[in-house]
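Notes for the one structure printed next.
In the text below, chain A, chain B and the rest are named by the order of the sequence lines, each starting its count at 1. Model, not experiment: these values are computed from the prediction.
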2 protein chains.
Amino acid sequence: KFVVQKNGNEHSNIKNVVAVVSGKGGVGKSTVSALLAVALRRQGWKVGILDADLTGASIPYLFGLKTAKLGVSEKGLEPAVSTLGIKVVSIALVMDNPENAVVWRGPLLSKAIEQFWSDVHWGELDYLVVDMPPGTSDVPLTVMQKLPLKGVVVVTSPQEMARSVVKKAVHMAELLKVPVLGVIENMSYAVCPNCGHRFAVFGPSHLEEVAVEFGTPVIAQIPIDPVLAELTDAGRIEDATPSMLDNLVG
Amino acid sequence: KFVVQKNGNEHSNIKNVVAVVSGKGGVGKSTVSALLAVALRRQGWKVGILDADLTGASIPYLFGLKTAKLGVSEKGLEPAVSTLGIKVVSIALVMDNPENAVVWRGPLLSKAIEQFWSDVHWGELDYLVVDMPPGTSDVPLTVMQKLPLKGVVVVTSPQEMARSVVKKAVHMAELLKVPVLGVIENMSYAVCPNCGHRFAVFGPSHLEEVAVEFGTPVIAQIPIDPVLAELTDAGRIEDATPSMLDNLVG
Ligand SMILES: Nc1ncnc2c1ncn2[C@@H]1O[C@H](COP(=O)(O)OP(=O)(O)O)[C@@H](O)[C@H]1O
Ligand SMILES: Nc1ncnc2c1ncn2[C@@H]1O[C@H](COP(=O)(O)OP(=O)(O)O)[C@@H](O)[C@H]1O
Ligand SMILES: [Zn+2]
C-alpha cells in the first residue's frame with residue numbers, strides 16, 4: 001500500500017523532497033510553495049517544484065510559465081525552467097484542458113505523480129518542493145505515498161482552526177513516517193501602509209500553542225501583502241522581495 | 001427540469017426568497033448570509049435563514065444554535081429560533097453526523113431542500129435568506145431550482161477573479177429567470193486600528209468595472225474585521241455592530 005518509488009528517473013538525483021500541505025484551499029499553499037522554492041533558489045540551491053495541485057493550475061502561472069510545455073529528451077521528460085533556473089513540472093502542463101483536471105480522482109492523480117517521479121529528467125536537485133492537493137484527505141495522502149519525502153510543511157491561515165489542521169497533518173506525516181518540518185501561517189497579519197502598524201486581521205492567532213502541542217515549529221508568519229498579491233496575479237513570483245522570503249529558509 | 005415548489009408549507013407565507021452564492025468556499029458567504037439576515041431583522045422584518053451549505057455547517061453555529069434541533073408540530077417541522085427571533089433551518093440540524101454531509105451529492109441535497117421548503121413551518125416571513133453550497137456549479141443551481149427565488153446575491157473576495165464569478169452567477173440567474181440583486185465584496189479592505197487608514201489588502205479591487213459590465217450593483221464592501229472574526233468564532237453573529245450591517249440592506 002505504501003509503495004514508494006525511491007528510484008526516480010535514472011538521470012536524476014534529488015536530495016530533499018518536501019511536501020507542502022494545507023487544511024483546505026485558499027489559504028495560499030501554492031503561493032507559499034512557490035515562495036519556498038524561490039527562497040531556496042536565491043540561497044544558491046538547485047531547486048525544482050512539482051505541482052500536484054489540480055485546483056487552479058497556479059504553479060506554472062506564478063512562474064510566468066503558463067504556455068510552457070514539458071519537453072522530451074533521451075533522458076526523459078524535460079521540465080520547464082523558470083527565469084531563476086527553478087525546474088517546474090505541473091500536472092497542468094500535460095493537460096490539454098486543465099479544467100478537466102478537477103475530475104481527476106486520487107488514484108489517477110497519484111499515478112500521474114508516480115509517472116512524473118520516474119520519467120522527469122530533474123537532473124541534480126538539492127530540493128524538490130511538491131505542492132500537494134489541498135486538504136488532509138486521502139487525495140494528498142496517496143500522492144505523498146508515491147514520493148520519498150524528507151518531510152512535510154503545513155500552510156495554515158488564522159481563518160481556520162489551525163489545531164485541527166496541524167493535528168491531521170501530523171497524523172498523515174506519521175502514516176508516511178516522515179517529520180512535519182514546521183508550520184507556515186499565511187495571511188497572519190497586515191501591515192498598515194500609512195503608519196506601519198502590524199495587526200492580526202482575523203483576530204489573535206493561537207498558532208504558538210498548537211506548535212508546542214504537536215512539536216511542529218513555526219517556520220514563518222507571512223502577512224497579507226498587496227504587493228505579493230500583485231506579483232501572484234501577474235505571474236511574477238520570482239520578483240518576491242527579500243522581506244517576503246525572510247525566515248522561510250534557515 | 002425546472003420544477004419549482006411554489007407552494008411551500010401550507011401554514012407559511014414567505015414574501016421574498018433570496019439566494020446567496022459565491023464562486024468558491026472561504027470567501028465568507030455563510031458569514032455574509034448571516035449578516036444579511038441580522039441586518040433585515042434589525043430593521044424589523046420577519047426573517048428566516050435556510051442553510052443549504054454542507055461545508056462547515058456554520059449557520060446554526062453563527063447563531064449560537066449548534067445543539068438546536070428542528071421541532072415537530074401539527075403544522076410541520078418547526079425551525080430553531082435565534083435570540084433576535086430569526087428562524088433557522090439547516091441541513092446540518094437534521095444530520096446525526098454532519099461530517100457525512102460532504103458526501104451528499106447535488107440530487108440528495110436538492111431533495112432535502114425541497115423537503116424543507118414544503119415541510120417547514122416558517123409561518124409569515126418577509127425574507128428568507130438561503131445560504132447556498134459554494135461555487136457556481138450544478139450543485140447550487142439544482143438547489144436553487146427548487147425554490148421560488150426573488151433574486152440572487154453574489155459574495156466575492158478580492159482574492160479571486162470577480163469577473164468570472166459574477167459572469168457565472170449572472171448566467172445561473174438567467175437560467176433561473178431571476179435577477180442578480182447585487183454583489184457583496186467581502187474582505188475588501190482592512191482598517192488600521194492604530195491610525196484608521198483603510199487599505200486594500202489584496203491589491204486594488206476591480207469590482208466597479210465588473211458591476212458595470214454585468215449590470216450588477218455593488219451592494220456593499222465589507223472589510224476584513226477582527227471583531228467580526230471573533231463574533232463568528234464565538235457563534236455570536238447577532239452581536240454584529242451597526243457598522244458591520246451598514247449598506248447591506250437599503
Ligand atoms: N500573503 C498573502 N498576501 C496576499 N495575498 C495572498 C497571500 N497569500 C496568498 N495570496 C493570494 O490568495 C489567493 C489564494 O492563494 P493560493 O496560493 O492559490 O491558495 P491555495 O493554493 O491554498 O488554494 C491567491 O490569489 C494569492 O495571490
Ligand atoms: N469580513 C470578514 N472579516 C474577518 N473574518 C471574516 C470575514 N468574513 C468571513 N470571515 C471569516 O472567514 C472564514 C470563512 O468564512 P465563511 O463565512 O465560513 O466562508 P464561506 O461560507 O464562503 O466558506 C470564517 O472563519 C469567518 O469567520
Ligand atoms: Zn495605520
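- For a residue to count as touching a neighbouring chain, one of its non-hydrogen atoms must lie under 4.5 Å from one of that chain's; by this rule F202(B) touches chain A with backbone and side chain alike.
- Proximity to chain A is limited to the backbone of V191(B), based on heavy atoms less than 4.5 angstrom apart.
- Within the 4.5 Å cutoff, the side chain of H197(B) has no heavy atoms near those of the C195(A) side chain.
- Looking at M187(A), the atoms closer than 4.5 Å to chain B (heavy atoms on both sides) all sit in the side chain, from C-beta outward.
- With respect to chain A, the highest number of heavy-atom pairs below 4.5 Å among G26(B), A190(B), C192(B), G203(B) belongs to C192(B).
- Applying a 4.5 Å heavy-atom cutoff, the residues of residues 219-234 of chain A that approach chain B are I224(A), D225(A), P226(A), A229(A).
- Within 6.0 Å of atom NZ in K66(B), 12 or fewer heavy atoms from other residues, nucleotides or ligands are found, so the atom counts as exposed in its surroundings.
- Heavy atoms of Q159(B) lying under 4.5 Å from chain A belong exclusively to its side chain.
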